[in-house]
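See structure below.
Small disclaimer: the values here were computed from a predicted structure and weren't measured.
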Amino acid sequence: MPRQRNAVVVTHRQLATTGTEVKEVVEQLKAVGFDVTIVDNLEAPPFAASEVQTFNPDTEIVIVLGGDGTILRAAELVKGTDVPIVGINMGHVGFLAEFESFQTQDAIAKIAARDYSIDERVIAWVDVWVPGATEPMHDWALNDVTLERADRGKMVELSISVDDVEMSSFGCDGVIVSTPTGSTAYAFSAGGPIIWPNVDALQLVPLAAHALFSRPLVIGSKSSFTLDISEDSSSEGWICCDGRRQRALPRGSRVVVRQSPNSLRLARLVGVPFTSRLVGKFDLPVMGWRESGKNRGSKEGKGR
C-alpha cells in the first residue's frame, strides 16, 4: 500500500471562509492523493516563544494561499524542519510566492509530481539581553529584525557594532537588520540594497538616523551585528521579527543578530531566475529615458 502523502494549506481565515479558492485547492490536492490539513490562524506567537509544530511531522509540503505575510506565518510552522513551502499569491506583490492565483492547477500538478527544486533561504538568529538577565531571549527572522523607538515622539539612541567592534552611535527612529530574502521588503523601502537570495549575508539599514554616517552595512555569514540601546536614550526600544513577534525593550538592552546555521526551504516550481522575478514584481523600467526618447523620435520620424 502506497504511503499517505500529507500537505498543509496555510491561508487566512477570511479567504478560507468567504472565497472558493481554498476549497478548490483542497479538492485538487485530494484528487492527486494528498491528505490535507488547513491552517487559517495567522495570530502571531509571542516574542521568543518556544517552537510548537502544529502539523503532521510527515508533511511533504506546505502550500500557502495568500501574500507574503501568510508565507511568514507558514515559516513559523516549518522552522526547524525540512518541510518546504510553496506560495500561491492571493495578495498584492507576493514577492515570495511562486505562482499567481490563476496558475493554481499548474502548481498542484507540479507538486503532485514532485517537480520542484529547493531554494535554501538565510535565517537571521537573534539574541536579546535585557538588563539583569542571566540568559538571553532567542528569536529569528526570515525577512527582517527591526529595533525601533517605543515612543513615537522621541528617538532611540543606539550603538552599532560589527563583530564586537563599535562602528557608530546615533539617535534614530530605529534600524532594520535584513536577510537577503527581506532585502526586497522593509529594508528596500528604507533605502537598502537588494541582495540576491543565494548570497550569505545580512544587512543593516538605519531609519532616519541623526548622524553624518548612517549608510546601510552588509556583513558576511560569519559576522554579527550588535545593537545596544543607550542607558540615557530618549525612548525605550521595540523589537519585532518578521513584522510579527514583538516586545518592548528597556534602556540598556542588547540585541545581537547573526546568520543562523539553519535555513528555510522554499520550493521552486519554475526555473525563473531571481532577476526576472525582481523585474516582474517591481515592474522595473528596463528601458531608460534615453532609449525611450530615441524610440519616440524614431516613431515620429516614420509618421511624417
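For the residue pair E148 and Y186, the shortest heavy atom distance occurs at OE1-OH, 3.6 Å. I176 approaches A190 most closely through the heavy-atom pair CD1-CB, 3.9 Å. Taking every heavy atom of both residues into account, S224 and R258 meet most closely at CB-CB, 3.9 Å. Pairing each heavy atom of V205 with each of G192, the nearest pair is CG2-CA, 3.8 Å. Nearest heavy-atom pair across G67 and N89 is CA-OD1, 4.0 Å. Heavy-atom minimum distance, I71 versus A97: CD1-N, 3.8 Å.
Taking the six-membered ring where the residue is Trp, F274 and W196 present perpendicular rings, their angle passing 60° and hence far from 30°.
The environment of E166 atom CD is dense: over 12 non-hydrogen atoms of other residues, nucleotides or ligands sit within 6.0 angstrom. Atom CZ of R5 sits in a crowded spot, with more than 12 heavy atoms from other residues, nucleotides or ligands closer than 6.0 Å.
Between P45 and R245 the shortest side-chain heavy-atom distance falls below 4.5 Å. A heavy-atom distance below 4.5 Å is found between the side chains of L158 and I229. Side-chain contact between F170 and H210 is absent, with no heavy atoms from C-beta onward closer than 4.5 Å. With contacts defined as side-chain heavy-atom distances shorter than 4.5 Å, the pair T184/F282 qualifies. Side-chain contact check for I85 versus L96: every heavy-atom pair is 4.5 Å or farther apart. In this structure the side chain of F225 reaches within 4.5 angstrom of the side chain of L217, judged on heavy atoms. Residues V156 and S234 form no side-chain contact, since every pair of their non-hydrogen atoms from C-beta on lies 4.5 Å or further apart. With a 4.5 Å cut-off on side-chain heavy atoms, E60 and N6 do not count as touching.
For the pair T81 (side chain) and V83 (backbone), a donor-acceptor distance under 3.5 Å is present. In terms of modelled atom types and a separation under 3.5 Å, the side chain of S233 and the main chain of E157 share a donor-acceptor contact. Side-chain atoms of D228 never come within 3.5 Å of backbone atoms of I160 as a donor-acceptor pair (strictly under, hydrogens ignored). Checked by atom type and distance alone, the side chain of N56 pairs as donor or acceptor with a backbone atom of D58 at under 3.5 Å. In this structure a side-chain-to-backbone donor-acceptor pair under 3.5 Å is missing from N143 to D242. Of the possible polar contacts, one joining the S253 side chain to the P250 backbone as a donor-acceptor pair under 3.5 Å is found. Checking side-chain atoms of S235 against main-chain N and O of A150 turns up a donor-acceptor pair under 3.5 Å. Remark: the backbone N or O of G182 is paired with a side-chain donor or acceptor of T179 at under 3.5 angstrom. Panel note: side chain R149, backbone K154; a donor-acceptor pair is recorded below 3.5 Å.
Between the side chains of D40 and H12, not a single donor N or O lies within less than 3.5 Å of an accepting N or O. Inspection of the D127 and W125 side chains reveals an N or O donor paired with an N or O acceptor under 3.5 Å. For E120 and S263, the side-chain atoms include at least one donor-acceptor pair closer than 3.5 Å.
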- Message: Test side chain to side chain contact (heavy atoms under 4.5 Å, CB included) on L269 and I111; report intermediate values, then the result.
- Response: CA-CA 8 Å; L269 309 184; I111 291 168; 4.2 Å; yes
- Item | Candidate pair R244 and R73, rule side chain to side chain contact (heavy atoms under 4.5 Å, CB included), full reasoning | CA-CA 9 Å; R244 292 181 54 78; R73 166 59 177 140; 3.4 Å; yes
- Message: Could you walk me through whether R13 and N41 satisfy the side chain to side chain contact (heavy atoms under 4.5 Å, CB included) test, starting with their C-alpha distance in whole Å, then the side-chain angles of each, then the deciding distance to 0.1 Å, before giving a yes or no?
- Response: CA-CA 7 Å; R13 191 154 291 163; N41 174 18; 3.7 Å; yes
- Should V122 and D200 be marked as a side chain to side chain contact (heavy atoms under 4.5 Å, CB included) after you check the CA-CA gap, both sets of side-chain angles, and the distance that decides it? CA-CA 7 Å; V122 168; D200 282 345; 3.6 Å; yes
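Expressed to the nearest 0.5 Å, how far OG of S178 lies from CG of L202 amounts to 8.0 Å. Interatomic distance, CE of M90 versus OG1 of T104, reported as 4.5 Å (0.5 Å rounding). Here the OG1-CG distance, from T70 to L42, works out to 5.5 Å after rounding to the nearest 0.5 Å. Here the CG-CG distance, from D283 to L278, works out to 11.5 Å after rounding to the nearest 0.5 Å. M137 CE to I239 CD1: the interatomic distance, rounded to the nearest 0.5 Å, is 7.5 Å. Rounding to the nearest 0.5 angstrom, the gap separating the CG atom in L72 from the CG atom in L77 is 11.5 Å.
Hydrophobic clustering (side-chain heavy atoms under 4.5 Å, transitive across Ile, Leu, Val, Met, Phe, Trp, Tyr) keeps L142 apart from F47. No continuous path of ILVMFWY side-chain contacts below 4.5 Å connects V126 to L207, so the two sit in separate hydrophobic clusters. Connection of F213 to I219 is established within a shared hydrophobic cluster, with ILVMFWY side chains joined at heavy-atom distances below 4.5 Å, either directly or through further cluster members. Grouping the Ile, Leu, Val, Met, Phe, Trp and Tyr side chains by contacts below 4.5 angstrom, directly or via other members, places V177 apart from W140. Taking hydrophobic clusters as Ile, Leu, Val, Met, Phe, Trp and Tyr residues chained together by side-chain heavy-atom distances below 4.5 Å, I63 shares a cluster with I38.
Residues E27 and K30 are not paired through a salt bridge, judged by the lack of any N-O separation under 4.0 Å between the basic side chain and the carboxylate.
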